[in-house]
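Take a look at the structure below.
Letters A, B, ... mirror the listed sequences (proteins, then strands); counts begin at 1. Side-chain atoms are counted along with the backbone in the values below, which use heavy atoms only and exclude waters and symmetry mates. What you see is a predicted model; the values in this text were computed from it and never measured.
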Protein chains: 2
Amino acid sequence: MGDIDTVVARMREDGGRVEEGACPIRDVLDQLGDKWSMLLIFLLASGARRFGELRRELPDISQRMLTQTLRDLTRNGLATRTVHPTRPPSVEYALTPQGFALLEALGPLLRWAEAHHDYIRAARRRFDAAA
Amino acid sequence: MGDIDTVVARMREDGGRVEEGACPIRDVLDQLGDKWSMLLIFLLASGARRFGELRRELPDISQRMLTQTLRDLTRNGLATRTVHPTRPPSVEYALTPQGFALLEALGPLLRWAEAHHDYIRAARRRFDAAA
DNA sequence: CCGTATCCTACGGGATACTG
DNA sequence: CAGTATCCCGTAGGATACGG
């Protein structure tokens, strides 16, 4: 897989943040790197949810960040937002096919993290002890 | 693959940042989510480099962040730091086997990003136009 | 119920200057 | 050459209050 070179090239020239969406990797990283995106993707993977449901399942997220993260996911086409015209209104969020595809692409990373977690913690302890 | 549920559980209870290293996913995400880690991993994948070489290959990174990111990678056991006792000293960084493993685990995500980049950009344009 | 608006703080990260 | 030290700014993100 030699296309890493092209990725590197693009990420590098994108270092100073050219325009939005110049480099695909940075694009996806900027979305996933924040505090709640991945967690929401995981949650939505097991079925569509309403705003309030998500809120209850994630007691630690602020309303502001839940709204914002969901809006970003929607904007990037990873989730859909459906407003049901009831009184009071209810809004349902669901993962798009592309969102599910992302989830699958995340699988190996997940497994790597699980598999190497002990190694990482040990490495950290060694490093910190040496200091 | 039902272990997503356990991941979600741990990420959720880790929402308020319990202790460092509680959740493996957040651990890896916190490292990869920053501005330069992935780029450095990609670079080091094609061979060990000295500090100055990396610096020249990444004109946009500040010396401060290069040092710090390399230190974090080293601390997490993803890279090694070897000091050659010359005058003046030279320091070489290389990816560990675990670093390479991470690189491979990143492959699918990379391919997803490339494959869906156009879709994402289109989704964004649609979303922003609707606003 | 589902947001938006405002305020405030912590931290990531750049620029620059200095050391072994 | 390979860092450390300082300063400074922008943004992520929490708390709170209000609106449709």
Can you check the A:D34 CG to C:dA10 P distance for me, whole Å?
21 Å

Taking the nucleotide of DNA chain D with the nearest heavy atom to each, does B:P88 or A:Q68 sit closer to the 5' end?
B:P88

Output the rounded distance in Å from CG (A:D30) to C1' (C:dG12).
13 Å

Taken in chain and number order and not counting sequence neighbours, the residues that satisfy side chain to side chain donor-acceptor pair (under 3.5 Å) with A:R55 are A:Q63

Could you state the atom-to-atom distance from NZ of A:K35 to C1' of D:dA15 in whole Å?
13 Å

For B:E114, salt bridge (Lys or Arg N to Asp or Glu O under 4.0 Å) partners two or more places apart:
A:R10

Kindly compute the distance separating CG (A:L32) from CG (A:L39), expressed to the nearest 0.5 Å.
12.0 Å

For DNA chain C, which residues in residues 45-59 of chain A have a heavy atom at a distance below 4.0 Å?
A:R50, A:F51, A:G52

Have a look at B:T67 and say if it touches a base, only the backbone sugar-phosphate, or nothing, with a 4.0 Å heavy-atom cut-off.
base

Gap between atoms CE and C1', on B:M65 and D:dA2 respectively (whole Å)
17 Å

Do the non-hydrogen side-chain atoms of A:L70 and A:L40 ever get within less than 4.5 Å of each other?
yes

Would you call B:R49 and B:E57 a salt bridge, taking side-chain N to carboxylate O under 4.0 Å as the test?
yes

Distance under 6.0 Å and angle within 45° of ring axis: A:R26 vs B:W36
yes

Rounding to a whole Å, what distance do you find between A:D60:CG and D:dG14:P?
9 Å

Whole-Å gap separating C1' (D:dG20) and CD (A:Q63)
14 Å

Would B:L110 and A:V7 satisfy side-chain contact (heavy atoms from CB on, under 4.5 Å), going step by step from the backbone distance to the final call?
CA-CA 9 Å; B:L110 239 77; A:V7 168; 4.1 Å; yes

Just to be sure I understand the geometry, which residues of residues 79-87 of chain B put a non-hydrogen atom under 4.0 Å away from DNA chain D?
B:R81

Between A:R50 and A:V91, is a side-chain contact (heavy atoms from CB on, under 4.5 Å) present by the stated rule, with each step listed?
CA-CA 6 Å; A:R50 299 190 25 203; A:V91 183; over 6 Å; no

Check against side-chain contact (heavy atoms from CB on, under 4.5 Å), A:I25 and B:L109
CA-CA 9 Å; A:I25 305 298; B:L109 188 60; over 6 Å; no

Take atom CD of B:E92 and atom C1' of D:dC1, then tell me their distance rounded to the nearest Å.
14 Å

Whole-Å distance separating the CG atom of A:L66 from the P atom of C:dA5
17 Å

Salt-bridge present (A:R124, B:D27; N to O < 4.0 Å)
yes

Determine which pairs satisfy ring-ring contact (aromatic ring centres under 6.0 Å, His included) with at least one residue from residues 83-115 of chain A, sequence neighbours left out, and list them in order.
A:W112-A:H116

Think A:R64 has a side-chain N or O under 4.0 angstrom from the OP1 or OP2 of D:dA12?
no

Expected output: side-chain B:T69 to main-chain B:S37 donor-acceptor under 3.5 Å:
no

Out of C:dC1, D:dG14, D:dA2, minimum distance to the side chain of A:P89 belongs to C:dC1

Paired and unpaired positions of DNA chain D as dot-bracket, Watson-Crick or G-U wobble under 3.5 Å, | denoting a partner strand
||||||||||||||||||.|

